[in-house]
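See structure below.
Heads up: numbering here begins at 1 and tracks the sequence.
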Amino acid sequence: MERLKAAMAVLLCLILSTPSASALAQAAPAAASQSPAARQAYQSGELRGDDRILQALNRFTFGTRPGDLEAVRAMGVEKWFTQQLHPESIDQSDLQARLAQFPAMQWSTQDLLVRLPSNAMIRQAADGKVPVPEHGALHAVYVDEIARYENRQQQKAQKQQQATLTATAAMTVPANGAQPNGTQQSMAPEAVQPVAVQADAGQTMAVANAEPPPPDEAKINRILALPPAQRVAQMVAMTQPDFDSFRKALKGPQRNALNADLNPAQKEVVGALENPQRMVNDELMAQRLTRDIYSNTQLREVMADFWLNHFNVYLHKNDETPYYLVSYERDVIRPRALGKFEDLLEATAHSPAMLLYLDNSSSMGPDSPAAEKAKASAARRPDAKKSAPEGLNENYARELMELHTLGVNGGYTQADVTQVARVLTGWTVDKPQRGGGFKFDQNRHEPGTKKVLGKKIKEHGEQEGEQLLHMLATRPATAKFISRKLAIRFVGDDPPQTLVDRMAKTFLSSGGDISEVLKTLFHSPEFWAPDAYRAKVKTPLEYVVSAARASNANIDNMQPLTNALRDMGMPLYGAVPPTGYKWDASDWVSTGALVARMNFALTLTSNKLPGIAISWMPQTDSDSLVANIDGSAPGAQPTPEAEEQRLEALLVDGGVSSSTRAAVLDQFKVQAQTAQNQGFGKPLPVAAKPVNPAQAALSLERQDQLLAGLLLGSPEFQRR
């Protein structure tokens, strides 16, 4: 590990050093040193040939897949970009087939909350406020979740009661047995009786709540051997303790066997029986990664990611947020990712996910009818227990201007924030625990004229907010703020002001048409400048997705990738502040972060992530599949050097520098020797030893896994 950390420290220096025109021949495009024409292109100040194609692919997609470079070369990069701006014209049949495994992601928020109930829905069902389905799998889901909820409540009450009785006993009888007057007296039996009684009650409750013994192997195997429908029916028929005991008893291969041949609907039943809330979270993240990795409409997915971060909503705000996020991404963000900014701003402002996240759903005008009614009620009942009164909430108003439109230097004041909050009072959510939609509540709306950014907004109910959003969407400050963020995302951490100004001008003249702004960026010389080539360090999401795409991974289980993103500090939908995640390299590059990335790469390429398979073997004669560390044996080909070149062409379009190539091969030898010393997997054969083809193939596979992992950790791959 220490050697690996040392190697990562060297790579860190390479990644942190932004390529410049003078350093491109070593750190960036390999083509620059390959031909006089290529060198002339760089000297003339623009990318040419394959480097131009790779610049477009690496910025407007989540990374290249095998064959992408050749496909765009045949089509032409201009035509490819135009096609990406019109995703409706691109075949997505393969993606749709993959997304079919997540049927719940097509349900409405109301259906999600009923069919995969949240904790709040279960609490209401336990209290009799929500009907429990009468039969079928959904009945079992509710009954099991209510049982788990009531068990947790009993345990909580028991702990509280035990703590209270213990504290009471401690106050009644001092630890040394002394009485208040200083005399000594033994504790009477009745003095400790309440504690003893409670202990007996606790034992009784523990017995009542104890899990049944785990099922024996024969019973488990009988259930796993059943046809899918009967297997699911068996689990539906189990009591909650029996089901939990059954699931805990399953070993790794048995867990795989449980779900192996279930259809998507059956898998969702099993997942809902185990934990319906987690099922929603897991499917939300899995469908997101499925789109990012396998979608042919890559520009739309990149822009969906951009807007989900710009209009950030934190996954764990409350019980309902994951359910609302399904519709937020599917119905609000993705369809408008390449459209008009004002349409997107309007849709997010009306979204329950946003209104709940930034608390506008609870905002109430100080002089609204609802506030006056609350004041009158409080005056009539002066002795009544007072709860925290609802009032004006400025959270969304502030972020609407600072993060969504004008920017922190957009020319607004605190008075403007307060006035915007007044304009948006009454913009709320109808019965959020039941999955209700946007609702304008006139009773909570602040009456009277408001003044925002020097402009009067006359009293007009919900239309006040519409007028406000239009004003913010069309301000020059908004055009500059959005254009700069797009330039940071697609060009560099500190983009040229000339580019930002040009994009902002297009933003204003086109009515905030994002596709037109992206066209301006695409046709700008700053985008094609050599200094922009590989000038962006990938975020953890970009790194993980690009590694899956470059390796052409076949993924049946996205959970290892979501775990990797969490470990790298970028869990999906996991940005707590409304600012979302940052795009700057400084936020993502450190020695620890690079070690985490390298560990992920080596684990991915070694096929150690469950449900993810990658084949590294070339299509060649098995007699030649002999891998030797030094390559000295006659006919012992391919050598590590030869395989490095093959895998480099496969994984890192544009190639790596000679220094990176040497570092990869040196580190490979260290890793290979360590693997041999530790007896890790099949040893790499020594040059002079005869090796049969079957053993040689396995040895070459292990060699390729190490080389591929190191290449995915290279500075060139970690850059966009």
Can you confirm whether Thr639 sits close enough to Glu644 that some side-chain heavy atom of one is under 4.5 Å from a side-chain heavy atom of the other?
no
Using modelled atom types and a 3.5 Å cut-off, is there a donor and acceptor pairing between side-chain atoms of Gln230 and backbone atoms of Pro227?
no
No-hydrogen, no-angle side-chain donor-acceptor test under 3.5 Å, Arg702 and Ser606:
yes
Is the backbone N or O of Ala126 less than 3.5 Å from a side-chain atom of Tyr149, with the two atoms forming a donor-acceptor pair by type?
no
Which pair of non-hydrogen atoms, one from Ala575 and one from Tyr357, has the smallest distance, and what is that distance?
O-OH, 4.3 Å
For a 4.5 angstrom cut-off between non-hydrogen side-chain atoms, does Ile223 reach Met238?
yes
Any chance you could lay out the side-chain hydrogen bond (donor to acceptor under 3.5 Å, both in side chains) test for Gln254 and Glu217, step after step, and finish with the verdict?
CA-CA 10 Å; Gln254 292 172 328; Glu217 285 293 312; 3.1 Å; yes
Just grab all the salt bridge (charged side-chain N to carboxylate O under 4.0 Å, His left out) pairs involving residues 551-566, residues at least two apart or on different chains.
none
Could you walk me through whether Trp588 and Arg597 satisfy the side chain to side chain contact (heavy atoms under 4.5 Å, CB included) test, starting with their C-alpha distance in whole Å, then the side-chain angles of each, then the deciding distance to 0.1 Å, before giving a yes or no?
CA-CA 11 Å; Trp588 302 115; Arg597 292 189 183 201; 3.9 Å; yes
May I ask you to test the Trp616-Leu707 pair for a side-chain heavy-atom distance under 4.5 Å?
no
Any non-hydrogen side-chain atom of Ile333 less than 4.5 Å from a side-chain atom of Tyr328?
yes
Under a plain distance cut-off of 3.5 Å, with no hydrogens placed, do Thr562 and Gln559 share a side-chain donor-acceptor pair?
yes
Among residues at least two apart in sequence or on other chains, which ones pass side-chain contact (heavy atoms from CB on, under 4.5 Å) with Leu565?
Leu289, Pro540, Leu541, Val544, Leu572
Measuring from Leu99:CG to Phe102:CZ, what's the distance to the nearest 0.5 Å?
7.0 Å
Identify the heavy atoms of Ala337 and Trp307 that sit nearest to each other, and give their distance.
O-NE1, 3.0 Å
Once salt bridge (charged side-chain N to carboxylate O under 4.0 Å, His left out) is applied, what residue pairs with a partner in residues 126-143 remain, sequence neighbours excluded?
none
Any side-chain to backbone donor/acceptor pair from Arg123 onto Ser118? Under 3.5 Å, distance only.
no
Contacts of type side chain to side chain donor-acceptor pair (under 3.5 Å), residue Thr290, not counting sequence neighbours:
none
Leu710 side, atom CG; Glu648 side, atom CD - distance, nearest 0.5 Å:
12.5 Å
Got a donor-acceptor contact below 3.5 angstrom from the Ser590 side chain to the Ala593 backbone?
yes
How would you list all residue pairs meeting salt bridge (charged side-chain N to carboxylate O under 4.0 Å, His left out) that involve residues 100-116, not counting sequence neighbours?
none
Pair Phe62, Ser295 - check side chain to side chain contact (heavy atoms under 4.5 Å, CB included), show working.
CA-CA 10 Å; Phe62 276 105; Ser295 175; over 6 Å; no
One pair to check against salt bridge (Lys or Arg N to Asp or Glu O under 4.0 Å): Lys219 and Asp216. What are the steps and the verdict?
CA-CA 6 Å; Lys219 181 177 180 180; Asp216 57 42; over 6 Å; no
If the condition is side chain to side chain donor-acceptor pair (under 3.5 Å), which residues does Glu150 pass it with, not counting sequence neighbours?
none
With no hydrogens and no angle check, is any side-chain donor or acceptor of Tyr294 less than 3.5 Å from a backbone partner on Arg549?
no
Not counting sequence neighbours, which residues clear ring-ring contact (aromatic ring centres under 6.0 Å, His included) with His139? List them please.
none
Could you tell me whether the side chain of Gln155 and the main chain of Arg152 form a donor-acceptor pair under 3.5 Å?
no
Determine which pairs satisfy salt bridge (charged side-chain N to carboxylate O under 4.0 Å, His left out) with at least one residue from residues 254-277, sequence neighbours left out, and list them in order.
Arg231-Asp261, Arg247-Glu274, Glu274-Arg278
Only counting residues at least two apart or in another chain, list the ones meeting salt bridge (Lys or Arg N to Asp or Glu O under 4.0 Å) with Asp653.
none
Look at the aromatic rings of Tyr314 and His316 and report parallel, tilted or perpendicular, splitting at 30° and 60°.
perpendicular
With distance as the sole test, does Gln645 use its side chain to make a donor-acceptor pair with the main-chain N or O of Ala642 at under 3.5 Å?
no
Six-ring centre of Tyr573, Lys317 cation under 6.0 angstrom, axis tolerance 45°
no
Do Tyr543 and Leu712 have side-chain heavy atoms sitting under 4.5 Å apart?
yes
Answer yes or no: is there an ion pair linking Arg148 with Asp244, defined by an N-O contact shorter than 4.0 Å?
yes
Distance-only side-chain donor-acceptor flag, Gln287 / Glu329, under 3.5 Å
yes
Quick one: do the Ser245 and Asp242 side chains pair a donor with an acceptor below 3.5 Å?
no
Mind checking what makes salt bridge (Lys or Arg N to Asp or Glu O under 4.0 Å) contact with Glu301, not counting sequence neighbours?
Arg334
Determine whether a donor-acceptor pair (N or O, by modelled atom type, separation under 3.5 Å) exists between the side chain of Thr109 and the backbone of Gly435.
no
CE of Met598 to OG1 of Thr603, rounded to nearest 0.5 Å, is 11.0 Å
Check whether any side-chain N or O of Asn296 sits under 3.5 Å from a backbone N or O of Asp91 as a donor-acceptor pair, and report yes or no.
yes
Distance check, rounded to the nearest 0.5 Å: Asn599 atom CG versus Asp567 atom CG?
10.0 Å
Between atom CG of Leu647 and atom OG of Ser551, what is the distance when rounded to the nearest 0.5 Å?
11.0 Å
Any heavy-atom pair between the side chains of Tyr142 and Val114 that's under 4.5 Å?
yes
Intermediate values then yes/no, side chain to side chain contact (heavy atoms under 4.5 Å, CB included), Leu315 and Asn281
CA-CA 9 Å; Leu315 177 68; Asn281 289 358; 4.1 Å; yes
In sequence, state the C-alpha distance, the side-chain angles, and the governing distance for Gln234 and Leu226, and then conclude on side chain to side chain contact (heavy atoms under 4.5 Å, CB included).
CA-CA 9 Å; Gln234 281 279 319; Leu226 292 171; 3.4 Å; yes
Partner set under side chain to side chain donor-acceptor pair (under 3.5 Å) for Gln124, not counting sequence neighbours
Gln433, Arg434
Where the side chain of Asn312 meets the backbone of Tyr581, is there a donor-acceptor pair that is under 3.5 Å apart?
no
Rounded at 0.5 Å granularity, tell me how far CD1 in Ile90 sits from OG1 in Thr297.
6.0 Å
Given side chains that start at C-beta, do those of Glu145 and Gln240 come closer than 4.5 Å, heavy atoms only?
no
With a 4.5 Å cut-off on side-chain heavy atoms, are Asp292 and Asp305 touching?
no
Who passes side chain to side chain donor-acceptor pair (under 3.5 Å) against Gln153, sequence neighbours left out?
none
